[in-house]
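Have a look at this one before I ask anything.
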Amino acid sequence: METPENVTDARMTARVSNAEIADKFERLADLLELQDDNPFRVRAYRNAARVIEGLPRPLAEMLAAGEDLDELPGIGAAIAEKIATIVKTGKLPALAEAAKTTPLVLTDLMRIPGLGPKRVRELYETLDVKSAADITRAAKSGELAQLPGFGEKLAGKIADAVAHLSPEQKRFRLADAEKLAAPLVEYLKGLAGVKRVVVAGSLRRRRETVGDIDILVTAGRGAGILDKLKRFDGIRRVVSSGDTRATVIVAMNLQVDVRVVPEASFGAALYYFTGSKAHNVAVRRIAQGKGLKLNEYGLYRGDTRIAGKSEDEVAKKLGLAWIPPELREDAGEIEAAAHGRLPELVTLEALRGDLHSHTTASDGHASLREMAEAAREQGYAYLAVTDHTRSTRIAHGLDPKRLSRQFAEIDALNETFKGFRLLKSAETDILEDGSLDLPDEVLAEMDFVLGTVHAHFELPAARQTQRLLKAFDNPYLSGLAHPTARQIGEREPIRLDFDRVCEAAAERGIFLEVNGQPARLDLDASRCRRATELGVKLAISSDSHSAAGLETIRFGVDQARRGWVGKKDVVNTRSLRSLRGILRRP
DNA sequence: GCCGTTTTCGGCCCGACTGTTTTCAGTCG
């Protein structure tokens with residue numbers, strides 16, 4: 001029996017988030033770099049910050065559970081101890097120590113394009129520059145250009161960068177970045193001499209947000225692609241442009257890097273340009289260990305190129321299996337590829353149906369029939385209709401009476417289908433006390449029950465966890481929709497003991513959803529990975545509110561793949577018969 | 001500061017572009 005008391009322990013009250021811890025190490029790296037400290041030490045801190053940011057669980061919770069943090073990649077005894085100190089005191093003494101001689105505010109200046117540690121230090125030591133406003137002043141007075149190594153042009157560029165400084169560097173949702181990149185990709189494809197145009201970088205890795213766009217072009221010599229690129233009318237500004245690479249700014253202030261390589265280097269260039277940086281570094285180290293050199297032009301033994309045409313060729317020569325781009329984050333995929341242990345990732349094609357959709361009955365824009373037809377066109381065997389329930393008034397949530405009418409309508413429609421079924425369900429509110437928004441006799445009418453948190457996002461972790469566990473105790477509940485309720489860039493995930501929720505879900509056979517709405521992508525990739533490690537089954541769903549919206553399920557597939565999720569982990573890769581076998585009934 | 005199919009010490013990815021330079025430093029990805 002679960003009580004609030006036995007989920008209220010130290011790990012639940014932790015206030016220092018992983019993001020804050022990562023930021024402290026990032027700042028420490030900045031300060032040490034300003035102080036010209038050992039660059040490898042600096043890199044170690046940055047590396048640790050990156051690892052910390054990608055963790056699925058709060059470090060505070062892992063510490064409370066007695067886990068050894070120095071088993072995490074890139075985190076050794078020294079950093080593990082520093083993390084423990086931060087969790088305990090909220091402070092990183094090494095950071096305070098470094099800030100004694102180098103003001104912490106200087107780390108903000110290092111975020112300005114064109115300013116790195118050397119230039120910031122020069123600005124500070126010579127002109128006592130400590131802020132963006134100081135830079136503007138120094139530029140106006142002409143002092144900036146007088147600094148050694150600066151000059152008129154550089155001073156102008158820096159002043160310009162300061163003037164166009166946005167409050168924080170913006171990242172774009174994956175779906176938005178895709179749309180913004182499309183016209184430029186089409187334009188490049190249409191240019192004479194162009195052989196291939198491929199999107200690489202974080203967009204190819206399908207990261208949930210994208211900071212800039214990388215496009216790889218193969219073309220014959222002298223095709224002048226980068227000159228023609230500048231004539232594309234969607235380009236606002238050219239940041240830099242050389243023989244093989246150009247950086248431009250397009251709509252929404254989005255940065256696009258275009259790289260042109262010869263066809264023979266396509267594979268090596270695609271590998272290099274896809275990243276991530278950490279993955280590339282690790283793979284190049286493997287090359288180095290074999291006495292080879294890997295760069296964007298190929299894999300070399302001495303001056304001889306031994307691979308480069310395709311990614312597969314490069315990987316093979318390094319003794320690795322080809323790694324899907326979604327996994328290239330230096331998070332264990334390289335070891336797995338070396339030992340033939342890469343997971344067989346779920347694919348869009350493997351999905352047999354969709355377990356989350358809405359109709360005009362609640363806040364959708366298509367009728368039952370229209371949704372069914374769209375699902376059949378998609379090749380699905382089933383589509384669950386999961387309109388909102390009465391507590392979600394803003395979405396015209398359904399009460400038992402309206403639901404029962406909908407179920408009758410679904411029954412009638414199903415009579416007309418062959419090889420396809422609409423499933424009766426509802427996106428049922430989990431109320432603050434963990435009870436469901438509908439009585440059991442209504443839940444009993446459904447093919448399965450989907451539960452979700454739509455209000456009271458701010459509960460403390462212990463209560464939020466307890467709320468979900470209580471909902472899981474309802475024998476009708478089969479799945480949990482958008483489990484953390486986060487919205488990218490708008491709402492933080494609800495606080496809960498994620499492992500505990502996963503353990504309970506695994507025990508009871510409740511699936512967690514990977515919601516494909518571009519603003520949600522919930523579970524996120526790292527939680528997908530953690531959940532499946534703990535034996536939880538997932539459903540990848542569109543949460544579509546229109547017929548066309550069914551296609552957003554692919555963004556859910558992307559995140560599941562990034563989370564190492566295999567076909568067998570996903571319930572809606574099953575046939576309807578097999579799916580029915582695992583949906584809960586009392 | 002981290003890490004180990006050479007290593008518990010001695011390494012630590014690699015190249016493009018810019019602007020400042022008389023041959024390269026700084027920044028970026």
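We name chains A, B, ... by the order of the sequence lines, and we start the count at 1 in each one.
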Could you tell me the separation between the CD atom of A/Glu296 and the P atom of B/dC28, rounded to a whole number of Å?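 Value for this atom pair: 18 Å.
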
Is A/Thr247 touching bases, backbone alone, or none of the nucleic acid, heavy atoms closer than 4.0 Å?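 No contact.
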
Should we count CD of A/Glu152 as having more than 12 external heavy atoms under 6.0 Å?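 Atom CD in A/Glu152 is not packed in, count stays at 12 or less.
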
Quick one: is the NZ or CZ of A/Arg530 closer than 6.0 Å to the six-membered ring centre of A/Phe498, and within 45° of its axis? no

To the side chain of A/Ile79, which of B/dC2, B/dG19, B/dG29 is closest?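 My answer, after comparing the listed nucleotides, is B/dC2.
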
For nucleotides B/dT21 and B/dT27, find the distance between their P atoms and express it as a whole number of Å. 15 Å

Check every strand shown and say whether A/Tyr45 touches a base, only sugar-phosphate, or nothing at a heavy-atom separation below 4.0 Å. sugar-phosphate

Which whole number of Å gives the distance between the C1' atom of B/dC12 and that of B/dT18?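 My reading of the C1' atoms in B/dC12 and B/dT18 gives 27 Å.
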
Any N or O donor-acceptor pair under 3.5 Å from the base of B/dG1 to the side chain of A/Asn38? yes

Taking everything shown except A/Lys567 itself, do over 12 heavy atoms lie less than 6.0 Å from its NZ? no

B/dG15 OP1/OP2 closer than 4.0 Å to side-chain N/O of A/Lys293: yes

When you check the phosphate oxygens OP1 and OP2 of B/dG29, does a side-chain N or O of A/Arg259 lie under 4.0 Å from one of them?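 The answer is no; no side-chain N or O of A/Arg259 sits under 4.0 Å from OP1 or OP2.
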
Is it the case that over 12 heavy atoms from other parts of the model lie below 6.0 angstrom from the NZ atom of A/Lys230?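 More than 12 within 6.0 Å, yes.
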
Whether A/Tyr187 and A/Phe232 hold their rings parallel, tilted or perpendicular, with breakpoints at 30° and 60°: tilted

Which whole number of Å gives the distance between the C1' atom of B/dG1 and that of B/dT5? 24 Å

B/dC17, B/dG19, B/dG1: which one has an atom nearest the side-chain heavy atoms of A/Ser240?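 Nearest to the side-chain atoms of A/Ser240, counting from C-beta on, is B/dC17.
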
From OH of A/Tyr271 over to C1' of B/dC13, roughly how many Å is that when rounded to an integer?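 One finds 14 Å between C1' of B/dC13 and OH of A/Tyr271, rounded.
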
Taking the P atom of each, how far is B/dC17 from B/dG11, in whole Å? 32 Å

Under 4.0 angstrom between A/Gln288 side-chain N/O and B/dG11 OP1 or OP2: no

Take a 6.0 Å sphere around CD of A/Glu81 and say whether it holds more than 12 heavy atoms from other residues, nucleotides or ligands.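 For A/Glu81, atom CD is not crowded (no more than 12 foreign heavy atoms under 6.0 Å).
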
For A/Glu81, which contact category applies under a 4.0 Å heavy-atom criterion: base, sugar-phosphate, or nothing? nothing

Neighbour count >12 (heavy atoms, 6.0 Å) for atom CZ, A/Arg491: yes

Please name the residue in the list A/Arg527, A/Arg562, A/Arg486 that meets the salt bridge (charged side-chain N to carboxylate O under 4.0 Å, His left out) test with A/Glu208.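 It is A/Arg486; the other options fail the test.
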
Between A/Thr244 and B/dC17, is there a side-chain N or O to OP1/OP2 distance below 4.0 Å?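 Affirmative; the distance criterion is met.
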
Across the strands shown, which category fits A/Pro113 at heavy-atom distances under 4.0 angstrom: base, sugar-phosphate, nothing?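 The answer is sugar-phosphate, as A/Pro113 gets under 4.0 Å only of primed atoms, P, OP1 or OP2.
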
Length of the CD-P vector between A/Glu122 and B/dA25, whole Å: 15 Å

If we take the P atom in both B/dC13 and B/dC2, what is their distance in whole Å? 16 Å

What's the CZ-P distance between A/Phe150 and B/dG19, to the nearest Å? 14 Å

For B/dA16, does OP1 or OP2 lie under 4.0 Å from any side-chain N or O of A/Arg245?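 False: A/Arg245 side-chain N/O out of range (4.0 Å or more) of B/dA16 OP1/OP2.
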
Considering only atom C1', compute the distance from B/dG26 to B/dT20 and round it to an integer number of Å. 10 Å

With a non-hydrogen cut-off below 4.0 angstrom, is A/Ile286 in contact with a base, only sugar-phosphate, or nothing?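 Contact class for A/Ile286: none.
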
Taking pairing as Watson-Crick or G-U wobble with both contacts under 3.5 Å, can you name the mate of B/dA16, or confirm there isn't one?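 Base partner found: B/dT27.
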
Length of the CG-P vector between A/Asn295 and B/dA16, whole Å: 8 Å

Please determine whether a side-chain nitrogen or oxygen atom of A/Asn280 lies at a distance below 4.0 Å from atom OP1 or OP2 of B/dC13. no

Assign A/His279 to base, sugar-phosphate, or nothing according to its heavy-atom contacts below 4.0 angstrom with the strands shown.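 Here A/His279 touches no strand at all.
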
Can you work out whether A/Tyr297 or A/Glu152 has the more 5'-proximal nearest nucleotide on DNA chain B?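 Looking at the nearest nucleotide for each, A/Tyr297 comes out on the 5' side.
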
Rounded to whole Å, the CD1-P distance (A/Ile75 to B/dC3) equals 9 Å

Among the candidates B/dT20, B/dG1, B/dC13, find the nucleotide nearest to the side-chain atoms of A/Arg43. B/dC13

Heavy atoms only, 4.0 Å cut-off, all strands: where does A/Pro117 land among base, sugar-phosphate and nothing?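 The answer is sugar-phosphate, as A/Pro117 gets under 4.0 Å only of primed atoms, P, OP1 or OP2.
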
Proximal nucleotide (of B/dT18, B/dC13, B/dT20) relative to the A/Lys153 side chain: B/dT20

Nucleotide N/O of nucleotides 8-10 of chain B paired with protein N/O under 3.5 Å:
none

Expressed as a whole number of angstroms, how long is the span from A/Arg284:CZ to B/dG29:C1'? 10 Å

Within the side chain of A/Ser202, is there an N or O that forms a donor-acceptor pair under 3.5 Å with the backbone of A/Arg205?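 No, because the side chain of A/Ser202 does not come within donor-acceptor range (under 3.5 Å) of the backbone of A/Arg205.
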
So, does A/Lys82 get its side chain near the phosphate of B/dG1, meaning an N or O under 4.0 Å from OP1 or OP2?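 It does, given that an N or O in the side chain of A/Lys82 lies less than 4.0 Å from OP1 or OP2 of B/dG1.
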
If each of A/Gly151 and A/Leu226 is mapped to the nucleotide of DNA chain B with the nearest heavy atom, which maps nearer the 5' terminus, i.e. the 5' end?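 With A/Gly151 and A/Leu226 compared, the 5'-side residue is A/Leu226.
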
Would you say the side chain of A/Ile540 lies within less than 4.5 Å of the side chain of A/Leu348, judging by non-hydrogen atoms? no

Taking only side-chain nitrogens and oxygens of A/Lys157, does any of them come within less than 4.0 Å of OP1 or OP2 of B/dG19?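 Indeed, a polar side-chain atom of A/Lys157 lies that close.
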
Between A/Leu154 (CG) and B/dC17 (C1'), how many Å, whole number?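 One finds 13 Å between C1' of B/dC17 and CG of A/Leu154, rounded.
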
Among B/dT5, B/dC13, B/dG1, the one nearest A/Ala44 by side-chain distance: B/dG1

Are the side chains of A/Arg50 and A/Lys277 in touch, meaning some heavy atoms are under 4.5 Å apart? no

What interatomic distance, in whole Å, is found between P of B/dA16 and the corresponding atom of B/dT22?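 Looking at atom P only, B/dT22 and B/dA16 are 24 Å apart.
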
Does B/dG26 have OP1 or OP2 sitting under 4.0 Å from an N or O in the side chain of A/Arg119?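 No, A/Arg119 has no side-chain N/O under 4.0 Å of OP1/OP2 on B/dG26.
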
